[in-house]
Amino acid sequence: MTEFPDILIRVLRQAERVAALTGAGVSQESGLRTFRDAQTGLWAQYKPEDLASPEAFARDPKLVWDWYAMRREKVRGVEPNAGHYALVEMEKRVSQFTLITQNVDGLHRKAGNRNLLELHGDIQRVRCSECGEYAEAWDENGDMPRCAGCGGMLRPDVVWFGESLPRSELEAAVEAARGCQVFLSVGTSGLVQPAAALPFAARNKGAVVVEVNLEPTPLTAKADFFLQGKSGEVLPELVKMVWG
Ligand code: BV8
Ligand code: ZN
């Protein structure tokens with residue numbers, strides 16, 4: 001059982017505006033590998049950053065397509081965990097709760113969060129790399145799946161390194177970070193920009209910053225509270241202690 005400082009319980013109980021940023025750590029307990037975890041099998045020889053980029057797609061589109069096809073299969077087979085559901089409960093209890101996620105696995109939406117900002121897209125959505133049209137179905141008969149409309153190569157609807165984040169989601173996330181009274185950063189190594197800047201933006205506007213992670217990150221030294229542990233354990237306990 002994690003011990004929570006009384007002040008943290010009180011601050012959260014009184015808060016009307018809370019924002020939370022999540023990373024791959026929140027989905028780890030659903031059985032999905034985090035970005036930092038070493039890749040295995042066929043993919044062991046690649047670093048994610050070397051596959052999640054327009055350059056990689058230009059160089060070897062089929063390799064990148066197959067990597068995402070494998071990850072989509074994995075995502076299809078997993079369920080949200082207690083950490084996801086604790087964030088759904090938090091949205092019910094706080095009058096203005098904004099969930100900002102870097103994850104592309106769609107598990108927060110599957111768990112039931114409504115006010116959700118997916119900064120890096122959704123791996124289960126596929127779009128044409130030429131005309132941008134979304135594709136619901138495609139034939140994976142070995143070579144590169146193509147757009148029914150224009151014949152362009154299909155790609156996952158995620159934000160690759162070097163690509164801009166969706167403007168409206170990012171603007172809404174910055175607004176939520178700057179306007180909140182409490183900012184939670186959960187299960188993220190805080191290395192990827194511009195998402196990693198959000199907790200600092202909240203702190204600069206006087207928010208109380210709470211970090212939940214297995215280990216310290218570049219944010220930890222600046223956080224008001226560092227709750228070390230698994231998000232799937234810490235978050236449900238925190239929600240129970242604050243809101244009963
Ligand atoms: C942009 C979708 C610019 C794809 C992702 C130098 C060269 C090139 C670029 C840059 C550079 N320096 C900075 C940049 C910018 C770059 C960047 O930040 N690079 C980093 C690597 C240095 N950022 C970008 O390129 C962004 N775009 O800046 O555009 C621009 C500007 C104007 C005009 C045009 C362009 C785009 C970034 C988005 C990249 N796409 N995902 C895909 O998924 O395939 S990011 C990807 O990595 C994930 O989505 C995720 O966001 C990120 C990994 O981070 P985490 O989620 O934190 O996961 P990680 O594994 O790192 O950590 C897990 C954490 O959980 C750990 O701390 C662990 O301790 C903890 N944990 C584990 N288990 C648990 C747990 N905690 C609690 N409980 C547990 N059970
Ligand atoms: Zn097209």
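Both counts, for ligands and for their atoms, begin at 1 and track the order of listing.
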Legend entry - Contact partition for Q193 relative to ligand 1, non-hydrogen atoms under 4.0 Å: both
Inset, instruction - Please work out whether any backbone atom (N, CA, C, O) or any side-chain heavy atom from C-beta onward of R71 is under 4.0 Å from ligand 1, and answer side chain, backbone, both or neither. - result: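 Side chain only.
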Inset, instruction - Mind checking side chain to side chain donor-acceptor pair (under 3.5 Å) for Q124 and listing every partner two or more places apart, or none if nothing turns up? - result: none
Inset, instruction - Scan S30, S231, S27 and name whichever one has a side chain to side chain donor-acceptor pair (under 3.5 Å) with N81. - result: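 Checked S30, S231, S27 against N81; only one passes side chain to side chain donor-acceptor pair (under 3.5 Å): S30.
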Under 4.0 Å between a Lys/Arg side-chain N and an Asp/Glu carboxylate O for [X] and [Y]?
X	Y	result
R109	E118	yes
R76	E73	yes
R125	E133	no
E55	R59	no
R114	E91	no
K62	D66	yes

Legend entry - Shortest protein heavy-atom distance from atom 77 (C) of ligand 1, along with the residue and atom involved: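 Scanning the protein heavy atoms, the shortest distance from atom 77 (C) of ligand 1 goes to S231 N, 3.5 Å.
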Legend entry - Taking atom 80 (N) of ligand 1 as the reference point, the nearest protein heavy atom with its distance: E29 OE2, 2.8 Å
Ligand 1 atoms in contact with [X] (distance to a heavy atom under 4.0 Å):
X	value
G187	63 (C), 64 (C), 65 (O), 76 (N)
G229	77 (C), 78 (N)
A24	55 (P), 56 (O), 58 (O)

Legend entry - Any N or O of F35 closer than 3.5 Å to N or O of ligand 1: yes
Legend entry - Any N/O pair V159/ligand 1 closer than 3.5 Å: yes
Inset, instruction - Please check if the distance between the ring centroids of Y46 and W67 is under 6.0 Å. - result: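 Not under 6.0 Å, so no.
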Inset, instruction - Let me know which of D122, I123, V126 forms a side-chain contact (heavy atoms from CB on, under 4.5 Å) with V158. - result: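 By the side-chain contact (heavy atoms from CB on, under 4.5 Å) criterion, V158 pairs with just one of D122, I123, V126: I123.
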Legend entry - Any protein heavy atom nearer than 4.0 Å to atom 70 (C) of ligand 1: yes
Inset, instruction - Please work out which of W160, Y68, F161, W67 has its closest non-hydrogen atom nearest to atom 42 (C) of ligand 1. - result: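 The nearest heavy atom belongs to Y68.
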Legend entry - For the Zn ion (ligand 2): protein N/O/S atoms at distances below 2.8 Å: 4
